[in-house]
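See structure below.
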Amino acid sequence: MADTSAFLDQQLVNGSLYESEQRLANRTGALMSAKITGRPTAEVIAVYAAAARPGNGNGIVLDIGCGRGASTLALTQVLPQATVCAIDASAALLGATRSRLRAHDLAVHTVRADFHHLPLPTGHAALAVAAFCLYHSPTPQAALGEIARCLAPGATVILATKAADSYASLDRLVAKAGLDPDATCRPGLYGAFHSGNLRSVTEGIFTVTAVEHEAHRFRFRDLAHAAAYLATSPKYQMPDDLAGNADAITDHLRRTLAEGPVETASVVSYLTATRSQGRP
Ligand SMILES: C[S@@+](CC[C@H](N)C(=O)[O-])C[C@H]1O[C@@H](n2cnc3c(N)ncnc32)[C@H](O)[C@@H]1O
């Protein structure tokens with residue numbers, strides 16, 4: 001059995017995981033339509049960003065690992081005078097971010113780059129956001145060091161991640177249904193950078209000013225709804241005819257489990273910190 005998280009498999013992360021926006025869109029759609037409690041993460045990030053007043057509102061703002069651009073849009077809306085720059089390793093997701101902003105008649109700078117090696121000048125940006133992406137790094141501290149290099153002295157960084165045991169009840173469901181009998185033993189997706197080590201990994205590079213943890217609860221209305229999420233998870237090793245196939249997973253779940261709602265939970269954690277006045 002693989003002993004590293006699928007989210008750290010760089011071949012997967014730089015390949016099929018984000019080569020189109022579809023998997024992420026399906027995953028977010030299934031999760032958000034199941035959410036019972038927990039604030040929208042992009043809105044929380046935007047509140048923190050507005051409070052930071054980067055460059056008195058006029059500064060350069062980096063949205064690192066922007067994904068489909070939910071946080072990029074929120075940042076652009078809450079900081080209309082700022083220059084927002086969306087950065088991601090995936091060309092497809094940068095395209096999705098541009099489309100999302102265009103739909104709101106907003107423009108955004110996009111840069112395709114690896115967050116370990118940002119093609120940006122030293123000490124210019126007033127704010128950086130890295131939400132739900134540093135758990136893809138085998139060396140999140142190195143990525144944070146590179147982000148710190150790009151920030152002006154005293155500038156703010158906002159980080160967001162999830163608890164290491166997020167969605168654990170779904171692992172048990174997948175194992176019980178025989179979809180992946182080893183599901184509960186597989187490494188968690190968020191192991192490299194999670195709610196429990198967010199502060200310790202960041203301290204030493206930045207001065208941490210606040211950490212907030214928020215419980216998120218989800219209730220999938222039925223097995224088909226849960227299957228729509230399960231089909232998007234790279235964590236499980238299902239038979240080839242089921243992997244990634246929500247309809248086939250639904251059929252299998254219906255044959256093996258009682259139909260009904262499925263509940264799960266995660267913790268979302270937000271950290272704000274400042275770059276020290278000296279060189280990082
Ligand atoms: C789960 S998405 C997060 C999206 C977004 N920040 C949000 O809050 O919804 C993770 C993103 O990190 C990006 N990513 C993963 N590894 C990266 C790296 N080394 N450098 C830059 N982006 C990376 C992926 O392409 C993907 O768009």
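One-based numbering, in listed order, for ligands and for the atoms of each.
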Below 4.0 Å from ligand 1: does a non-hydrogen atom of A70 turn up there or not? no
Is it true that, when you exclude Q11 itself, more than 12 heavy atoms of the residues, nucleotides or ligands shown sit nearer than 6.0 Å to its CD? no
Is it the case that K162 places NZ or CZ above or below the six-membered ring of Y135, under 6.0 angstrom from the centre and within 45 degrees of the axis? no
What protein heavy atom lies closest to atom 20 (N) of ligand 1? Include the residue and the distance to one decimal. F115 N, 2.9 Å
Please check this pair: side chain of D88 against backbone of L93, looking for a donor-acceptor N/O pair closer than 3.5 Å. no
In terms of residue, atom name and distance, what is the protein heavy atom nearest to atom 22 (N) of ligand 1? A89 N, 3.2 Å
Would you mind running through ligand 1 and noting each atom that sits below 4.0 Å from a heavy atom of C133? 12 (O)
Near L93, which atoms of ligand 1 are under 4.0 Å from a heavy atom of that residue? 26 (C), 27 (O)
Any cation-pi pair here, R23 with Y18, using under 6.0 Å and within 45°? yes
Scan L189, L170, V174, D180 and name whichever one has a side-chain contact (heavy atoms from CB on, under 4.5 Å) with K235. L189
Go through ligand 1 atom by atom and flag the ones less than 4.0 Å from a non-hydrogen atom of D114. 18 (C), 19 (N), 20 (N)
At what distance is the nearest protein heavy atom to atom 25 (O) of ligand 1, and which residue and atom is it? D88 OD1, 2.6 Å
Quick note on ligand 1: atoms under 4.0 Å from a heavy atom of V13 include exactly 15 (C), 16 (N)
With a cut-off of 4.0 Å, which atoms of ligand 1 are near a heavy atom of G65? 3 (C), 4 (C), 5 (C), 6 (N), 11 (C), 12 (O)
Number the atoms of ligand 1 from 1 as they appear, then name those within less than 4.0 Å of a heavy atom of A113, with their elements. 20 (N), 21 (C)
Could you go through the side chain to side chain donor-acceptor pair (under 3.5 Å) check for R172 and T184 one step at a time? CA-CA 6 Å; R172 294 190 288 275; T184 59; over 6 Å; no
Output the list of atoms in ligand 1 that are nearer than 4.0 Å to some heavy atom of F132, sorted by atom number. 1 (C), 2 (S), 3 (C), 8 (O), 10 (C)
Atom indices of ligand 1, in the order listed, that fall short of 4.0 Å to a heavy atom of S90: 25 (O)
Can you find a pair of side-chain heavy atoms, one from E263 and one from S169, that are under 4.5 Å apart? no
Pick one of side chain, backbone, both or neither for how I64 approaches ligand 1, counting any non-hydrogen atom pair under 4.0 Å. neither
Do any nitrogen or oxygen atoms of A131 come within less than 3.5 Å of a nitrogen or oxygen of ligand 1? yes
Give a yes or no on whether atom 9 (O) of ligand 1 lies under 4.0 Å from any heavy atom of the protein. no
Can you tell me which portion of A160 lies within the under-4.0 Å heavy-atom range of ligand 1? Options are side chain, backbone, both, or neither. neither
Given the rule in the ring-ring contact (aromatic ring centres under 6.0 Å, His included) test, do F218 and Y229 qualify, once you have shown the distances and angles that lead to the verdict? CA-CA 11 Å; F218 305 84; Y229 170 78; 8.3 Å; no
Polar contact flag, side-chain donor to acceptor under 3.5 angstrom, T232-N26: no
Tell me if the centroids of the rings in F132 and Y190 come within less than 6.0 Å of each other. no
